[in-house]
Amino acid sequence: MEKLKKHEFITQIFWEIIGSICIAAGIYNFAAQARFPMSGFSGISIILYQLWGVPIGLSTILLNVPVSILCFRLLGKSFFISSMRCMVISSILIDYVAPLFPVYTGSRLLAALCTGVIAGLGYAVIYMKGSSTGGMDFIIMAVKKKKPHVPVGRIIFFSDLLVVLMGGMILQDIDGTIYGIIVTFLLSTVVDKLMYGVNAGKMAMIVTDYGQLICDVIDETCQRGTTRINAVGGYRGDQRQLVMCACSNKEMYSVQQAVKKADPCAFIIIVPSDEVHGEGFSHIQVG
């Protein structure tokens with residue numbers, strides 16, 4: 001039991017470091033040097049860095065203290081400790097590791113695109129592991145806990161947009177503000193796509209005369225569960241069966257080919273499913 005817990009802890013630390021590396025690279029090696037406003041507490045830290053040279057990681061930790069105290073009770077001890085650890089890791093990487101790598105000094109648009117994608121990947125990895133980098137993330141997760149139906153990316157976008165606009169006004173850079181909005185949009189989109197894309201798939205609705213045969217074929221093809229429903233044709237009133245099956249995007253092609261081979265007359269409807277929960281699909285607990 002102790003070995004299992006130790007393995008889980010090491011795995012958690014590993015993914016927190018990977019996510020933090022992406023965040024550090026996006027913030028220091030692309031965003032800070034391109035001089036456009038970033039979102040969240042990182043954005044506020046970049047403003048302090050640009051104005052007075054305050055280390056980004058240090059100011060991030062100092063800004064986190066009051067928010068951490070306010071959000072401790074709502075988010076729980078385990079999430080709080082994990083977030084504090086991740087915040088320290090990401091701050092150290094930003095101040096001491098990221099400066100060791102080359103800084104991008106080319107097109108600001110490319111810098112914005114790289115920041116949004118790379119940092120978005122980092123935040124998504126950390127969120128998917130039930131942690132955060134503190135600061136604005138605490139506020140985001142608090143809102144998520146109160147409004148669980150709202151996607152994390154949407155909360156990120158609207159909460160960070162205010163910081164970006166504030167940074168744009170302080171730095172008096174209209175182009176930078178536009179780039180900052182692009183970063184915010186990209187970051188929130190990447191977070192949503194990576195987090196909820198894990199559970200994305202497709203659902204097939206198959207109208208056939210051979211319901212059990214189709215179920216067996218699908219089981220042999222991809223070992224996915226199926227549901228049979230008795231159906232009646234709307235025009236002729238003949239008895240048919242509707243077979244429903246949810247599977248991954250990759251598996252759906254094989255299912256489609258196998259069903260058409262088993263019953264060439266089958267009527268198949270395939271629709272995308274943004275999220276699929278249940279046996280055989282990953283479950284992500286946020287916060």
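Residues Ile94 and Ala98 come closest through the heavy atom pair O-CB, 3.7 Å. Of all heavy-atom pairs between Ala31 and Thr115, the closest is N-OG1, 3.5 Å. For Val217 against Ala258, the heavy-atom pair with the smallest separation is CG1-CB, 3.4 Å. Ala262 and Ile214 make their closest contact through CB-CD1, 4.2 Å (heavy atoms, listed as atom of the first residue, atom of the second, distance). Among all heavy-atom pairs drawn from Val183 and Ala112, the shortest one is CG2-O, 3.4 Å. Nearest heavy-atom pair across Tyr210 and Thr208 is N-OG1, 3.0 Å.
Taking 4.5 Å as the limit, some side-chain heavy atom of Cys247 sits within range of a side-chain heavy atom of Val255. Side-chain atoms of Met87 and Met84, non-hydrogen and from C-beta on, do get closer than 4.5 Å to each other. Between Arg228 and Leu242, the closest side-chain pair of non-hydrogen atoms is not below 4.5 Å. The shortest side-chain heavy-atom distance between Ile182 and Leu109 falls under the 4.5 Å cut-off. Taking 4.5 Å as the limit, every side-chain heavy atom of Asp219 sits out of range of all side-chain heavy atoms of Thr226. At least one side-chain heavy atom of Val232 sits less than 4.5 Å from a side-chain heavy atom of Gln239. Taking the side chain as every heavy atom from C-beta outward, Thr11 and Glu8 never approach each other to under 4.5 Å. Tyr28 places a side-chain heavy atom less than 4.5 Å from the side chain of Val103.
In this structure, the side chain of Asn29 does not engage the main chain of Tyr104 through any donor-acceptor pair within 3.5 Å.
Interatomic distance, Ile269 CD1 to Lys202 NZ, rounded to the nearest 0.5 Å: 14.5 Å. Atom NZ of Lys260 and atom CD1 of Ile206 lie 10.0 Å apart (nearest 0.5 Å). The CG atom of Leu121 lies 10.0 Å from the CD1 atom of Ile23; values are rounded to the nearest 0.5 Å. Atom CZ in Arg224 sits 11.5 Å away from atom CD1 in Ile218 (nearest 0.5 Å). Distance check: Met252 CE to Ile270 CD1 gives 5.5 Å after rounding to the nearest 0.5 Å. Here Ile81 contributes atom CD1 and Arg85 contributes atom CZ; the two are 8.5 Å apart, rounded to the nearest 0.5 Å.
In the hydrophobic clustering of ILVMFWY residues, with side-chain heavy atoms under 4.5 Å counting as a link, Ile268 and Met205 come out apart. Connection of Met203 to Val243 is not established within any shared hydrophobic cluster, with ILVMFWY side chains joined at heavy-atom distances below 4.5 Å, either directly or through further cluster members. Val271 and Tyr253 are assigned to two separate hydrophobic clusters, defined by single-linkage of ILVMFWY side chains at heavy-atom distances under 4.5 Å. Hydrophobic clustering (side-chain heavy atoms under 4.5 Å, transitive across Ile, Leu, Val, Met, Phe, Trp, Tyr) groups Ile126 together with Leu194. Both Tyr96 and Ile27 are members of a single hydrophobic cluster when ILVMFWY side chains are connected at heavy-atom separations under 4.5 Å.
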Run the numbers on Ser82 and Glu16 for side-chain contact (heavy atoms from CB on, under 4.5 Å), then give the verdict. CA-CA 9 Å; Ser82 177; Glu16 286 179 0; 3.1 Å; yes

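The residues Arg240 and Asp209 are annotated as salt-bridged, a charged nitrogen and a carboxylate oxygen being separated by less than 4.0 angstrom.
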